[in-house]
Amino acid sequence: MSDPSPQAQLDGFLTRYTPDIAAQTVEALRRLRAQVPGAVEMVYDNYNALVIGFGATERASEAVLSIAVMPRWVDLCFIHDAASLPDPEGLLQGSGKVARHVVLHDPADLEKPAIRALIGHAVAGSPRPFDTAAPGRMVIKSISAKQRPRRPEDRPPGKHRG
């Protein structure tokens with residue numbers, strides 16, 4: 001039997017989230033893929049979150065965007081020189097010099113002009129240009145052996161964002 005495809009593996013990772021968060025993620029990815037043709041999607045099933053990075057190559061250091069899937073929300077992360085992105089509406093959260101994020105309250109947020117502009121600026125600032133004529137592809141980069149719970153009800157009580 002052959003190894004599962006990257007998409008089948010991603011689908012499996014998403015089953016550990018609530019149906020609502022999984023559905024939001026699938027729709028957010030669909031919308032983001034339409035805006036970033038030719039992207040290489042790098043999947044990291046990390047300790048804290050499931051992260052799908054978007055870059056022109058498989059090099060993690062060249063990723064400019066990512067979707068971070070948390071137990072209660074989905075973030076759009078800008079992970080390459082985000083502090084320099086024009087953000088007249090003040091959407092970017094965080095104070096990092098390299099990475100900042102926007103909480104997606106709904107996958108349709110990706111269609112808002114201000115978020116589309118941020119995505120466009122991030123892609124334009126990529127260390128390498130995206131080959132928009134090439135088909136996008138997905139690569140599973142890492143799967144952490146130890147992970148935080150992926151559903152809110154599985155998390156111990158305490159302070160949680162969202």
Worksheet item: To the nearest 0.5 Å, how far apart are CG in Leu104 and CG in Asp75?
Response: 7.0 Å
Worksheet item: Salt bridge or not for Arg31 and Asp106, using N-O below 4.0 Å?
Response: no
Item to complete: Give the minimum heavy-atom separation between Met42 and Lys141, together with the two atoms involved.
Response: CB-CG, 3.6 Å
Fill in: Closest non-hydrogen atom pair between Ala28 and Pro107, with its separation
N-CB, 3.8 Å
Discussion item. Show the nearest heavy-atom pair for residues Arg100 and Leu92, with the distance to one decimal.
Written reply: CB-CB, 4.1 Å
Worksheet item: Is there a donor-acceptor contact under 3.5 Å from the side chain of Gln35 to the main chain of Leu110?
Response: yes
Worksheet entry | Counterpart residues, side chain to side chain contact (heavy atoms under 4.5 Å, CB included), relative to Asp81 (two or more places apart) | Ser84
Discussion item. Count I, L, V, M, F, W, Y as connected when their side-chain heavy atoms are under 4.5 Å apart, and connections chain through other members. Are Val26 and Val51 then in the same cluster?
Written reply: no
Worksheet item: How long is the span from the CD1 atom in Ile115 to the CZ atom in Phe78, to the nearest 0.5 Å?
Response: 7.0 Å
Worksheet item: Shared ILVMFWY cluster between Leu32 and Val40, side chains joined below 4.5 angstrom?
Response: no
Worksheet entry | Shared hydrophobic cluster, Val36 / Met138 (ILVMFWY, side-chain heavy atoms < 4.5 Å) | yes
Discussion item. Contact between Phe13 and Ile140 at the side-chain level, heavy atoms closer than 4.5 Å - yes or no?
Written reply: yes
Discussion item. Within this structure, what is the CD-CG distance for the pair Gln147 and Leu50, rounded to the nearest 0.5 Å?
Written reply: 8.5 Å
Discussion item. Under a 3.5 Å distance rule, please check whether Arg151 uses its side chain to pair with a backbone N or O of Arg16 as donor and acceptor.
Written reply: yes
Worksheet item: Any link between Leu10 and Ile21 through a network of hydrophobic side chains (Ile, Leu, Val, Met, Phe, Trp, Tyr) touching at under 4.5 Å?
Response: yes
Worksheet item: Between the main-chain N or O of Arg59 and the side-chain N or O of Thr57, is there a donor-acceptor pair closer than 3.5 Å?
Response: yes
Worksheet item: Got a second to check how far Ser142's OG is from Asp45's CG, nearest 0.5 Å?
Response: 8.0 Å
Worksheet item: How many angstroms lie between CD in Glu111 and CD1 in Ile119, if you round to the nearest 0.5 Å?
Response: 8.0 Å
Response to the item:
Between Pro88 and Pro86 the two heavy atoms that sit nearest each other are CD-C, 3.5 Å
Worksheet item: Roughly how far apart are Tyr17 OH and Met70 CE, rounded to 0.5 Å?
Response: 7.5 Å
Fill in: Derivation and outcome, side chain to side chain contact (heavy atoms under 4.5 Å, CB included), residues Asp109 and Val102
CA-CA 10 Å; Asp109 291 348; Val102 175; over 6 Å; no
Fill in: Heavy-atom pair with the smallest gap, counting every atom of Val69 and Ala49
O-CB, 3.3 Å
Worksheet item: Cluster question for you: counting only ILVMFWY and a side-chain heavy-atom cut-off of under 4.5 Å, with indirect links fine, are Phe54 and Ile79 together?
Response: no
Discussion item. Ignoring hydrogens, what is the shortest heavy-atom contact between His101 and Cys77? Give both atom names and the distance.
Written reply: CB-SG, 4.0 Å
